Asks: 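This is the structure, below, for whatever I ask next.
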There are 4 protein chains.
Amino acid sequence: MTKKRDDTVRDSIIETSIKQFLAKGFVGTSVIEISRAVGIAKGTVYCHFESKEQILDSILDKYAKEFLDGAIDEVSKCEGDFLTRFKVFFKYTTEFGRDHRELMLVWHTLLGEIIGNSSETERKMKEIQGRYTRFLEGLLEGGKKEGMIGKNIDTLIHARIIIATLTGMLLVWYIESPPTDDENKVYVRAFREAILKGMEMPERHSVKKAIIKQKP
Amino acid sequence: MTKKRDDTVRDSIIETSIKQFLAKGFVGTSVIEISRAVGIAKGTVYCHFESKEQILDSILDKYAKEFLDGAIDEVSKCEGDFLTRFKVFFKYTTEFGRDHRELMLVWHTLLGEIIGNSSETERKMKEIQGRYTRFLEGLLEGGKKEGMIGKNIDTLIHARIIIATLTGMLLVWYIESPPTDDENKVYVRAFREAILKGMEMPERHSVKKAIIKQKP
Amino acid sequence: MTKKRDDTVRDSIIETSIKQFLAKGFVGTSVIEISRAVGIAKGTVYCHFESKEQILDSILDKYAKEFLDGAIDEVSKCEGDFLTRFKVFFKYTTEFGRDHRELMLVWHTLLGEIIGNSSETERKMKEIQGRYTRFLEGLLEGGKKEGMIGKNIDTLIHARIIIATLTGMLLVWYIESPPTDDENKVYVRAFREAILKGMEMPERHSVKKAIIKQKP
Amino acid sequence: MTKKRDDTVRDSIIETSIKQFLAKGFVGTSVIEISRAVGIAKGTVYCHFESKEQILDSILDKYAKEFLDGAIDEVSKCEGDFLTRFKVFFKYTTEFGRDHRELMLVWHTLLGEIIGNSSETERKMKEIQGRYTRFLEGLLEGGKKEGMIGKNIDTLIHARIIIATLTGMLLVWYIESPPTDDENKVYVRAFREAILKGMEMPERHSVKKAIIKQKP
DNA sequence: TATGAATGAGGGTTCATTCAT
DNA sequence: AATGAATGAACCCTCATTCAT
């Protein structure tokens, strides 16, 4: 309601910056490169953002709003049990990653660059990351209550494992050339199953047996 | 006795650069910051390295030599079956990650910054990463032949999944404050079990459905 | 009205650079010295030139355009015989040398510094120098056809001698304190007569022996 | 008598520096380049010279001693009339230029770079140049007394013209590819005749006639 | 005498930011 | 809002010189 005017240029700057930051990092990207890629003058960038750092901030906000809030929204709307909700979460995450490859990746790329800065931006990144972890922890906690994942599972640790896995998945996809759509599906399913197995009720079968008995 | 002279300063520069690159990225770290942290003059850095980029190169070489070659060595020395070898690999990787936190992390930090550069350094990074992937693929291939992991498992894909998972694990550890040693063990075990389950023989239980019958 | 904008600063940089290069050579002059002499910030130089080398390039272009093209123009406009044309050329050259002392001298100063560089700038200098030589050769060739200079005169060699003489004249003027206007005229006349005598028709008197019968 | 010890290295440094200064100028040549070309360590240069500037000084001394003193010597030893002495001078100069191409050229190259410096070295260069001019002036003055060159010839001006011409000759040879030995001889003779004609007794024939009457 | 690691001033260049138009 | 010339700090790197060995 408030911000309504024509934000075409502003959005263009953000969209372009994501691409550039992804390719060359935050420090490695200059304002003039952004402005040229957008097709405006250097000074014009400063009509829309106070500083280069503010562009980064807006990207983080965009990530938090579109990805994180989106995931939370999607999951809250789902009324099923833990497994259903988890699958919704997983589907949302991987599909978002597929459709907003750059936004997801720039997040991880910048993490490495920004964390340790002790800047305001670092604080923001840590806060977003924390919100993500806690949301996932809550989801798992629910699964525990429903008896769908092992009681002795540490939900915080597993939240982290899941994030780690998803993070790593994206990075590897980025380094190696992007997989085909079919490969993509195989990956995603394999990841999901691996994650779920890691948390499943021990009664179903002993991990130990499965692993150790292989040596006849 | 060959070329051995006192490389103290050189090593210092590398060690310090790792820390600085980790904290601020490659572009974000200036040569004068490195020199000050080492306690030498700016010019002295150039007595030991031709350029800032060459420091980075040396770090990558160090990573490749210490971590990758170390892992390959360790595994080749092990004469057991796939599972034993895989555990050796896993142990080596996680322990190396624990003991050389910075070296491992700087690798991943710089990956995000460098990939896309189309620089010589990028080529080097991709080559190292490729060597790692192929090594792991070979390991899994062996497991397949021994009948210890499912015949239908795509070893390349799973090599990538494993790397992704380990990568992500490290990154998350870094973003969140470092876990205690005990947490560490739980993580590592959980990760390893998850990975192995994802690949185990389908006959034993029903992973099969999840992994193999992707296309209904 | 085409691209005309205010090139005051750009021109100032060139004018100042000529003086500085003349005094201290190209390598010996720093960009900050130029900027300070112009009265602008160091960075501003780079708003007008891509690099220090580009300033040099512009000076060469200026030299080629103002001096060389000017000479060619002046001579082509003259419809007289060889002697008339040669005198026009000589007058133009010496007057240009008198009125654009610095531009002429910086050319020669930089020649010594740049030649041997195997840089792009060297190529440019050689090309300009070559154009100058060929133009003069053409002029002499005309004189030969008109029968006003000896048939056996090698026009290329004499073109070079003339250039050498003019070049040396300028350099000596610079090293020794600049001569008065009256001395100037004596110089110029003496030079011109010496040059013309060296090429005149052998029949008239015995230069022939000196020039032609080189091999007894 | 005084300096007797083995100056091989010192001489090597000077010889090498001449080549390097010629190719890249004084400022453009670094001490390490010289040392590498000589095949010694950088520090060793400072065992033989106090500074880079001192190398230049030694080159100038060498030029003054070998070329200038040599010319003066040669001419004083000759007992003939002006024309004979002048020819001796000219022969010596051009042959020295042919045989010590680099030493001669580096002198002219460095002139442009150093003059204007207001350094001690500049003073030295001006002094050498002045000594050269005065020597030549004396030679011409003798010719005047012997009645072999025109009474109204200004010997200082003509000394300058001669130097200028020789200087220019060298530079042009340097810029254009070096002439063959035969071409060389033609040049040299043409130069000498041109110079001598410019100074000859007016009684022999009127310059004016020769030049002006060409237009019938 | 010879070495080469160490120094730090200074060079060319980039770039975020400002501001008059 | 849009522009781009201007700024000056900061960056990477070079180099003359010193000095302990």
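All values reported here derive from a predicted model rather than from experimental measurement. In what follows, every chain begins at residue 1, and chains take the letters A, B, ... in the order their sequences are listed.
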Asks: Expressed in angstrom and rounded to an integer, what is the separation of C:Arg10 atom CZ from F:dA6 atom P?
Replies: 13 Å

Asks: Between C:Trp107 and C:Tyr63, what is the ring plane arrangement, given parallel below 30°, perpendicular above 60°, and tilted in between?
Replies: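 Geometry flag for C:Tyr63 against C:Trp107: parallel rings.
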
Asks: In chain order, what residues pass the ring-ring contact (aromatic ring centres under 6.0 Å, His included) check against A:Phe49, with sequence neighbours excluded?
Replies: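 For A:Phe49 there are no ring-ring contact (aromatic ring centres under 6.0 Å, His included) partners, ignoring immediate neighbours.
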
Asks: Salt bridge (charged side-chain N to carboxylate O under 4.0 Å, His left out) for C:Lys124 and C:Glu127? Distances and angles first, verdict last.
Replies: CA-CA 5 Å; C:Lys124 191 173 213 158; C:Glu127 190 223 298; over 6 Å; no

Asks: What integer distance in Å separates C:Ile13:CD1 from F:dA5:C1'?
Replies: 11 Å

Asks: May I ask you to decide if C:Phe26's main-chain N or O and C:Lys52's side chain share a donor-acceptor pair within less than 3.5 Å?
Replies: yes

Asks: Write down the distance between CD (B:Gln54) and P (F:dC12), rounded to a whole number of angstrom.
Replies: 15 Å

Asks: Applying side-chain hydrogen bond (donor to acceptor under 3.5 Å, both in side chains), can you list everything that pairs with C:Glu66, at least two apart in sequence or on another chain?
Replies: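 Result, side-chain hydrogen bond (donor to acceptor under 3.5 Å, both in side chains) vs C:Glu66: C:Lys62.
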
Asks: Would you kindly compare D:Ala41 and B:Val45 by the position of their nearest DNA chain E nucleotide and give the one closer to the 5′ end?
Replies: D:Ala41

Asks: B:Phe49 has an atom CZ; how far is it from atom P of E:dA5, in whole Å?
Replies: 13 Å

Asks: Among the nucleotides F:dA6, E:dA6, F:dA2, which one has an atom lying closest to any side-chain atom of C:His48?
Replies: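 Of the options given, the side chain of C:His48 lies nearest F:dA6.
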
Asks: Under 3.5 Å, is there a donor-acceptor pair between the side chain of D:Thr29 and the main chain of D:Gln20?
Replies: yes

Asks: Just by protein heavy atoms under 4.0 Å, how would nucleotides 15-21 of chain F read 5' to 3' in B, S and -?
Replies: SBBB---

Asks: Output yes when at least one side-chain N/O atom of B:Thr44 is less than 4.0 Å from OP1 or OP2 of E:dT7, else no.
Replies: yes

Asks: Find the distance B:Ile55:CD1 to F:dC13:C1' and express it as a whole number of Å.
Replies: 12 Å

Asks: Kindly express the pairing pattern of DNA chain E in dot-bracket notation, using | wherever a base pairs with another strand and counting only Watson-Crick or G-U pairs under 3.5 Å.
Replies: .||||||||||||||||||||

Asks: Between D:Lys126 and D:Glu122, is there a salt bridge with N-O shorter than 4.0 Å?
Replies: yes

Asks: Checking A:His100 now: which residues fulfil ring-ring contact (aromatic ring centres under 6.0 Å, His included) with it, not counting sequence neighbours?
Replies: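 Partners of A:His100 by the ring-ring contact (aromatic ring centres under 6.0 Å, His included) criterion, ordered by chain and then number, come out as A:Phe96.
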
Asks: Specify the separation, in whole Å, of atom CZ of A:Arg36 and atom C1' of E:dC15.
Replies: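 In whole Å, E:dC15 C1' and A:Arg36 CZ are 12 Å from each other.
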
Asks: Can you pull out every side chain to side chain donor-acceptor pair (under 3.5 Å) where at least one residue sits in residues 32-47 of chain B? Sequence neighbours excluded, please.
Replies: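 Found B:Lys24-B:Glu33, B:Ser30-B:Glu33.
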
